[in-house]
Structure formats: C-alpha cells, structure tokens
There are 2 protein chains.
Amino acid sequence: MTAHNTSNKIVTAEQLLLSRGVKPTPQRVVIADYLLQTDSHPTADEVLSAVSEALPVALSRATVYNTLNTLKDAGVIKEVLTEPGRVRYDANISHHHHFVDVKTGKIVDIPADKVEAIGELLGDQYKVHGFQVLFYGELEQH
Amino acid sequence: MTAHNTSNKIVTAEQLLLSRGVKPTPQRVVIADYLLQTDSHPTADEVLSAVSEALPVALSRATVYNTLNTLKDAGVIKEVLTEPGRVRYDANISHHHHFVDVKTGKIVDIPADKVEAIGELLGDQYKVHGFQVLFYGELEQH
DNA sequence: GTCTCAACTTAGACTTATTCTAAGTACATG
DNA sequence: CATGTACTTAGAATAAGTCTAAGTTGAGAC
Ligand SMILES: [Mn+2]
Ligand SMILES: [Mn+2]
Ligand SMILES: [Zn+2]
Ligand SMILES: [Zn+2]
C-alpha cells in the first residue's frame, strides 16, 4: 500500500505511474513502490541496495538514476537536500518540511501546519538546534 | 570592508580570523575577504577563480577547500545548500534565509524577521513558487 | 502470430565536486 | 641557525551522478 499517497483512488505504484504518464516498467514500479512504503528519505544508492537485494529483477545503477529523475520530472517524487554531496528522495510530494536529527541522521517529515509558529511549537519530541527556510521562486527585476 | 559583519569592532578579515582562532595566512585572509565583500553565495570553484585571478599569491584548489572547511568549522562562514551537487558559502553567519531566483539562479538573503508570516508577505519583488523549512536538531526518543 | 521500432535497461566509461596523499614551504621557537 | 609544526601544493583518489553504445522489451502494424 502507498503510505504517502492518501487518495483511495490510487492504490498501487503501477496505477500511480500510469496516472502521471510514466510507463510502469518492472524496474520503475519496484523503485516507486519502495519509495512509497518507506519514510526514510533514501539516497539513490540506498534505493539501489534496498531494491536489488529484495528483488529477482536485475537493476543497474543507471536505471536507478534514470528512474529517480523520471519520477521527479513526472511529479511522483521530490528531491530533498539535507547535506552536501547527496540527494535524497521522498515519495511524500505534499508540501511539508523536514527535521534532521543531527545525532542519528534520521530525517522525519514535519507537516506544513506545524510550521506556522516557526522554531518553537514543534512539540517536545523535537529539540530544534536551528532551521532554514529555503524559498524557490522568481525575483521581479527592481 | 566587511559587508556582512556589522560589528564595528572587527573590520578586517585578518582580525575576524584572529578573533575566531584561525591563523590568518595570506590565502585564508584573501578568501575570507572575498566572501565578506560578496553577497553572491559562491561555490568553491567560484571562490577559486575570483580570488586567484585578482591576486598575486598562488592558490591551489586544495587550499580553497581546506580554507572553506576551516572557516566553516571556526564559525566564520556557513554552507548553503540550494541545489544538488554543489555547496555554496556565505559569510553572513546571522540567522537568515535564502531566496533562489529559479530563472537566474541568483541567491539573495532574506532576513529572519521577514519569515514570520511564511510564504506570503515576502514583498512583491519576490514571486514565491515554494519554500522549504529545514530543521536541524535532535529527536528525543519517543 | 510475427515484425518492427521506439522506449527502456544495462555495464562500464566519463565527468565533476570534493578529499586525500606526499612532498615542499613558512615561520615561530629554542 | 636548526628544528618542528602548521600550512600549502599538485596531482592522485574517491564518490555522486551522467553519458554512451549496445542489448532487450513489448506495443502496435500487419
Ligand atoms: Mn537531479
Ligand atoms: Mn564540507
Ligand atoms: Zn519528506
Ligand atoms: Zn546568505
């Protein structure tokens, strides 16, 4: 089941890919399925090892990168940048934020509505050392 | 002059390095000075070309990376992650945010107090496509 | 049902950002 | 002045990601 896609219309990775116009090849389905059922924000390498060890189908590094870029371009997943030198992937495409535990490296989702009173008010299971707001958009010239 | 360090006690890059316990070698001073007088959030490569073309002193790529990491560890500069695969550097170490113009790639600082009413209220010279809050801290176990 | 062709996958070469290594330089201190 | 440590350097090494060129697949044409 899709842990991150809460619509009850789209239940399988295959249907999700079809709905976004991505041909559901076995490799793509297996990668999308893995991303949908994890909340760990894995890197490409982590996707490769998780998926290839659990699957009978052969899977190359190039296909993992191709698929991640295809899924990103199709809006099925998002990139998450939390540390230099590695891109992480997230099947939760809703507008939300991330909390990085600097001790464990664990990355957990923070719902957008938690962030209204920013910094504080995150709940006492989070000790916030700092946070960064990163805007994407366009600058109007002067 | 230091565009980003608004204290009037510390005026030169050399004094800033000394105050943070970093030995002010010519290479370090020249790199710190460049970062202090730009607001462009340059990459290591951009630092290297800007600094080596304007300076008589020889400067190697390894020294640029060594110096950037030293300055970061000493709290003189901060890393800024805005796109996959490249780290940018910022001599503005105050708590602030960034706005990425997706058309031009320009990265401008957003003062922290601008971000209270997040998303909207950024001023009409900014067309916000989206933003990300990135928290750093520690997760208390359950 | 077979043919055909574009889309997809693959292994490995390549590129690029960053780090490491090993040797040289600077310079503070004895 | 000699020495030792910190610093710098060129280039080798690493690691994430992309590209290339050759095979594979499978949906539609017939
Ligand atoms: Mn990418
Ligand atoms: Mn770094
Ligand atoms: Zn997430
Ligand atoms: Zn900044």
Side-chain angles (χ1 to χ4, degrees), chain A residues 13-14 17-18 20-35 41-53 55-74 76-90 105 107, chain B residues 13-14 17-18 20-35 41-53 55-74 76-90 105 107:
Chain A
E14 178 167 358
L17 296 198
L18 286 170
R20 305 294 179 111
V22 176
K23 193 169 153 188
T25 67
Q27 292 87 347
R28 287 170 175 175
V29 168
V30 124
I31 289 171
D33 204 55
Y34 172 67
L35 288 170
H41 304 83
T43 63
D45 252 25
E46 288 165 358
V47 170
L48 176 58
S49 37
V51 163
S52 45
E53 84 185 14
L55 267 299
V57 61
L59 184 61
S60 75
R61 193 169 305 271
T63 296
V64 172
Y65 279 105
N66 289 343
T67 296
L68 291 171
N69 285 326
T70 298
L71 295 180
K72 171 180 56 115
D73 293 345
V76 176
I77 63 177
K78 279 178 159 178
E79 295 182 340
V80 180
L81 305 181
T82 60
E83 66 206 290
R86 51 215 296 114
V87 178
R88 298 184 169 277
Y89 294 91
D90 195 344
I107 301 164
Chain B
E14 179 168 359
L17 296 198
L18 285 170
R20 305 295 179 111
V22 176
K23 193 170 153 188
T25 67
Q27 291 88 348
R28 286 170 176 175
V29 168
V30 123
I31 289 170
D33 204 55
Y34 172 67
L35 288 171
H41 304 83
T43 63
D45 252 26
E46 288 164 358
V47 170
L48 175 59
S49 37
V51 162
S52 45
E53 85 186 14
L55 268 299
V57 61
L59 184 62
S60 76
R61 192 170 304 271
T63 296
V64 172
Y65 280 104
N66 288 343
T67 296
L68 291 171
N69 284 326
T70 298
L71 295 179
K72 171 180 56 112
D73 293 346
V76 177
I77 62 177
K78 278 177 156 179
E79 295 182 339
V80 180
L81 305 181
T82 59
E83 66 205 290
R86 50 214 294 113
V87 178
R88 298 184 169 277
Y89 293 91
D90 195 343
I107 301 163

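Every chain is numbered from 1 and lettered A, B, ... according to where its sequence line falls, protein lines coming before strand lines. Only this structure's heavy atoms are used, side chains among them; waters, hydrogens and symmetry mates stay out.
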Indicate yes or no for a side-chain donor-acceptor contact from [X] to the backbone of [Y] under 3.5 Å, with no hydrogens or angles considered.
| X | Y | value |
| --- | --- | --- |
| B:His41 | B:Ile107 | yes |
| B:Asn69 | B:Tyr65 | yes |
| B:Arg28 | B:Leu17 | no |

Starting at atom [atom1] of [X], determine the distance to atom [atom2] of [N], rounded to an integer number of angstrom.
| X | N | atom1 | atom2 | result |
| --- | --- | --- | --- | --- |
| B:Arg86 | D:dA15 | CZ | C1' | 17 Å |
| B:Tyr89 | C:dA17 | OH | P | 12 Å |
| B:Leu48 | C:dT16 | CG | P | 16 Å |
| B:Asp73 | C:dT18 | CG | P | 15 Å |
| B:Leu59 | D:dC7 | CG | C1' | 13 Å |
| A:Gln27 | D:dG26 | CD | P | 9 Å |
| A:Leu68 | C:dT9 | CG | C1' | 14 Å |
| B:Asn69 | C:dT19 | CG | C1' | 9 Å |

Is it true that the side chains of A:Thr67 and A:Thr70 contain a donor and an acceptor less than 3.5 Å apart?
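The criterion, which ignores hydrogens and geometry beyond distance, is not satisfied for A:Thr70 and A:Thr67.
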Touch class at under 4.0 angstrom, heavy-atom based, for B:Thr63 against every strand present: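 Touches a base.
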If you look at every strand shown and take non-hydrogen atoms under 4.0 Å, does B:Arg61 touch a base, only sugar-phosphate, or nothing?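 Result for B:Arg61 = base.
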* Asked: Between B:Ser60 and A:Asn66, who's closer to the 5' end of DNA chain D by nearest nucleotide?
  ->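 With B:Ser60 and A:Asn66 compared, the 5'-side residue is B:Ser60.
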Between B:Arg86 and B:Asp45, does any side-chain N to carboxylate O distance fall below 4.0 Å?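 A salt bridge is absent here (no side-chain N lies under 4.0 Å from a carboxylate O).
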Nearest-neighbour nucleotide for the [X] side chain, [options] considered:
| X | options | result |
| --- | --- | --- |
| A:Ala62 | C:dG12, D:dT9, D:dG17 | C:dG12 |
| B:Ala58 | D:dT9, C:dT10, D:dG17 | D:dT9 |
| B:Thr67 | D:dT8, C:dT9, D:dA6 | D:dT8 |

Practice item. Identify, between A:Arg28 and B:Thr43, the residue whose nearest nucleotide on DNA chain C lies closer to the 5' end. Key: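 Nearer the 5' end of the strand: A:Arg28.
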**Prompt:** Are any of A:Tyr65's side-chain N or O atoms less than 4.0 Å away from OP1 or OP2 of D:dG17?
**Reply:**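 The answer is yes; a side-chain N or O of A:Tyr65 sits under 4.0 Å from OP1 or OP2.
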**OP:** Please state whether the phosphate of D:dT8, meaning OP1 or OP2, lies under 4.0 angstrom from any side-chain nitrogen or oxygen of B:Thr25.
**Re:**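 For B:Thr25, the contact criterion (side-chain N or O under 4.0 Å from OP1 or OP2 of D:dT8) is met.
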